[in-house]
Amino acid sequence: MMSVVSDPNPSPKASPPGWVRLILTLCASFGAVIGALMIAFLWGGVGGWVGLTVVALALIAWALLVRFCGAPDDFRGRPAGRRYGRRMAVTMGLIYPILFFAALWLYKHGWASGPLGYPIAVAPALPLVGVFLILQRFLREETDEVLRAALMAALVWSGALTLCEATVWGFLETFGKAPNVWMWAVPVAFFAQLGITMPLAQRRYS
Amino acid sequence: MKNRLKVLRAERGWSQADLAERLDVSRQSVNAIETGKFDPSLPLAFRLARLFGHPIEAIFEDEAVG
């Protein structure tokens, strides 16, 4: 027989409130995608610089999310989560922009025309590949079962959503009803959707 | 899965954060287990049993039997 006893010392709620976290998550996720697409398609004009600004704002939103929403009961407040945050910050906040703009500069100055074009083209993809390794390492290091279960669910939802979107877009493209989208947009869309599905997955357990 | 975690925790005057710290899990995990939204693994269930000094079946209710 289960009895109910009032909690003598209820745990404080994590702050800031959920709606602030949601807005920051949406800004960080969609800002990164929209900004990256603007840079890719509109580089050389005003649109490219607007895209760069949007990406910078998305990075600020992401930094605020990590800094102020990392309550101790949240994955960002735990040791594995902090290591994950540091690795992500170095990989996507430092290495990725350096490789991206270096590759763009080399391409614009004609260095990518010969065989050297292959490593130049692959270089910006390496940090994105690295993010999957960072995720794998986080799952191995994090001992909290609920956080791991939530992340696994979020990864499955994001993967399924991204594959569905890519499949539908691919057929639209085949039938000439949609413009070509470069394949590198697929992992970007995946990670943007992970920013949405992770809080949703965590809600199942809160 | 129903359990007596909240009762056992309250008897000791621990908050969810206190219990989470003792188990090295997040407070969200303690809350999810207490409210039956998440079933812990066997190793975590054993850790809970050791911490409270009760056998697992005295903490968690087997709904198939109950």
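Computed from a predicted model, the values in this text were never measured in an experiment. Residue numbers begin at 1 in each chain, while the letters A, B, ... track the order of the sequences.
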Which atom pair, heavy atoms only, marks the closest approach of N31(B) to Y205(A)? ND2-O, 4.2 Å
To the closest 0.5 Å, what do you measure between OG (S29(B)) and CZ (R78(A))? 7.0 Å
Can you tell me how far CD of Q28(B) sits from CD of Q202(A), rounded to the nearest 0.5 angstrom? 5.0 Å
Atom CD of residue position E21(B) - does it have more than 12 heavy atoms of other residues, nucleotides or ligands inside 6.0 Å? no
Would you compute the distance between atom CD of E145(A) and atom CG of L23(B) and round it to the nearest 0.5 angstrom? 10.0 Å
A149(A) versus chain B, heavy atoms under 4.5 Å apart: side chain, backbone, both or neither? side chain
F101(A), CZ: over 12 other non-hydrogen atoms inside 6.0 angstrom: yes
Other residues, nucleotides, ligands: >12 heavy atoms within 6.0 Å of F132(A) CZ: yes
Counting only N and O atoms by type, is there a donor-acceptor contact under 3.5 Å from the side chain of D144(A) to the main-chain atoms of V25(B)? no
More than 12 heavy atoms of other residues, nucleotides or ligands under 6.0 Å from CH2 of W184(A): is that the case? yes
